[in-house]
Amino acid sequence: MPAVLALGTAVVYGLRFATREEKGWLGAAVKTASTGFLALAVVLAAAGGGAWFWLVPLGLALGALGDLCLALKGERLFLAGVGAFGLGHLAYAGGFLLRSGALGFDGVSGAEGLVLAVLLALLVSPEVWLAPRTGGLRGPVRGYVALIGLMGVAAVLLPDAPGQGVLRAGAALFILSDLMLAVEMFVARDPRLRRGLALALWPAYWGGQALIAWGALAFWGVGQG
C-alpha cells in the first residue's frame with residue numbers, strides 16, 4: 001500500500017504542482033509524501049534488510065525532508081533542503097559502498113572507467129556554468145555537487161549482482177534531475193524553458209528515487225533468504 005500511495009502522490013504532484021512557482025503547503029505536503037511513502041515501503045519490505053540496509057530508507061527519508069524544504073520559499077529553507085539532499089546522497093553512497101564491499105568489488109571495466117571520466121567532467125563543469133551564478137550560495141552548491149558525485153561514483157563501483165543496473169539507473173536519473181534543477185533555478189530565464197525543465201525533472205527525480213528503492217531491495221537480497 002505505501003508504494004501505491006507513493007506513486008499516486010507523485011503523479012498528483014507532477015500533474016498539479018510541478019510547474020507552479022508557489023507550491024503552497026498542500027503542494028509541499030504532496031511532494032513530501034511521494035518520497036516519504038517510498039521510504040516507508042522500503043522499510044516494510046525489508047524485514048531486517050541486513051547490514052547497512054537502513055542507509056537506503058534513511059536516504060529516502062532525507063529526500064522527503066529535502067522535498068518539503070525546496071517546495072517552500074526562502075533561502076534558509078533552500079539551504080536546509082540542500083543539506084537534507086546532500087546527507088541523503090551521503091547515506092546512499094555509504095550504503096552502496098558498504099554493501100559492495102561485503103559482496104566483493106569486482107574492479108572497474110573499460111566502460112565503467114569511461115563513465116567515471118564523464119561523471120568527473122560533469123562534476124567539474126558547474127565551476128564554469130553554475131558557480132558564477134549562485135552568488136552567496138556558491139559554497140553550499142559546491143558541497144552538494146561533491147556529495148552527489150560521491151553517490152554517482154559509488155553507483156558505478158557497484159559489483160555485478162542483482163539490482164546493480166536498477167541502482168545505477170536510479171542514480172543516473174537523480175543526477176540528471178539535479179542538473180535540470182540547477183539550470184532551472186540559476187540559468188534559465190525563458191518561462192517556457194523553465195516550465196519544460198520543471199515538467200521533466202520531476203519524473204526524473206522521483207523515478208530515480210523509486211529505482212534506488214527497488215534496486216536496493218534486490219542488491220541487499222531482501223526476501224531471498
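A donor-acceptor pair is defined here as one N or O able to donate and one able to accept, closer than 3.5 Å; no such pair exists between the side chain of Lys31 and the backbone of Leu68. With hydrogens and angles disregarded, no donor-acceptor distance shorter than 3.5 Å links the side chain of Arg133 to the backbone of Val187. Judged purely by atom type and a 3.5 angstrom limit, Glu184 has no side-chain atom pairing as donor or acceptor with the backbone of Leu197. Judged by distance alone, with hydrogens and angles left aside, the side-chain atoms of Lys73 form no donor-acceptor pair with the main-chain N or O of Glu22 at under 3.5 Å.
Here the OG1-CZ distance, from Thr19 to Arg194, works out to 11.5 Å after rounding to the nearest 0.5 Å. Remark: Leu147 CG to Asp178 CG distance equals 11.0 Å, nearest 0.5 Å. The distance from atom CG of Leu44 to atom CE of Met1, rounded to the nearest 0.5 Å, is 12.0 Å. In this structure, CZ in Phe37 is found 4.5 Å from CG in Leu5, a value given to the nearest 0.5 Å.
Residues Leu130 and Arg138 are not in side-chain contact: their nearest non-hydrogen atoms beyond the backbone lie 4.5 Å or more apart. No side-chain heavy atom of Val141 sits less than 4.5 Å from a side-chain heavy atom of Val82. Looking only at side-chain heavy atoms (C-beta outward), Val42 and Leu38 stay at 4.5 Å or farther from each other. When side chains are defined from C-beta on, Thr35 does not count as touching Leu65, because their heavy atoms never get closer than 4.5 Å. The closest side-chain heavy-atom distance from Trp220 to Val56 is below 4.5 Å. The closest side-chain heavy-atom distance from Ile175 to Ile148 is below 4.5 Å. Between Trp206 and Leu173, every side-chain heavy-atom pair lies at or beyond the 4.5 Å cut-off. In this structure the side chain of Leu70 never reaches within 4.5 angstrom of the side chain of Leu77, judged on heavy atoms.
In terms of hydrophobic clustering, with Ile, Leu, Val, Met, Phe, Trp and Tyr side chains grouped at heavy-atom distances under 4.5 Å, Leu26 and Tyr13 are assigned to a common cluster. With hydrophobic clusters built from ILVMFWY side chains whose heavy atoms lie under 4.5 angstrom apart, Leu199 does not share a cluster with Val183. Linking ILVMFWY residues whenever their side-chain heavy atoms come closer than 4.5 Å, directly or via other members, places Val115 and Leu97 in the same cluster. Residues Leu179 and Val124 fall into different hydrophobic clusters, defined by Ile, Leu, Val, Met, Phe, Trp and Tyr side chains chained together at heavy-atom separations under 4.5 Å. Following chains of ILVMFWY side-chain contacts shorter than 4.5 Å, one can reach Leu15 starting from Val30, so the two form part of one hydrophobic cluster.
A salt bridge links Arg168 with Glu112: the closest approach of a Lys/Arg side-chain nitrogen to an acidic carboxylate oxygen falls below 4.0 angstrom.
Between Leu103 and Pro159, the shortest heavy-atom contact is CB-CG, 4.2 Å. Contact detail for Arg99 and Phe219: the closest heavy-atom pair is NE-O, 3.0 Å. Contact between Ser100 and Phe105 at its shortest, heavy atoms only, is CB-CE2, 3.3 Å. Minimum heavy-atom separation, Leu201 to Met180: CA-CE, 3.3 Å. Residues Gly149 and Leu119 share a closest heavy-atom pair of O-CD2, 4.1 Å. Minimum interatomic distance between Thr9 and Ser34 (heavy atoms only, all atoms of both residues): OG1-CA, 3.1 Å.
Looking at Leu87, Leu55, Leu60 one by one, the single match for side-chain contact (heavy atoms from CB on, under 4.5 Å) with Tyr92 turns out to be Leu60.
Aromatic ring pairs are classed by plane angle as parallel below 30°, tilted from 30° to 60° and perpendicular above 60°; the pair Tyr205 and Trp202 is tilted. Ring-plane geometry between Tyr144 and Phe85 is classed as perpendicular, the angle between the planes exceeding 60 degrees on a 0 to 90 degree scale with a lower cut at 30.
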Intermediate values then yes/no, side chain to side chain contact (heavy atoms under 4.5 Å, CB included), Ile212 and Leu167: CA-CA 5 Å; Ile212 288 172; Leu167 283 172; 4.2 Å; yes

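If you check the side chains of Asp67 and Thr32, you find no donor sitting under 3.5 Å from an acceptor.
Heavy-atom neighbours of Arg20 CZ from other residues, nucleotides or ligands within 6.0 Å: above the threshold of 12.
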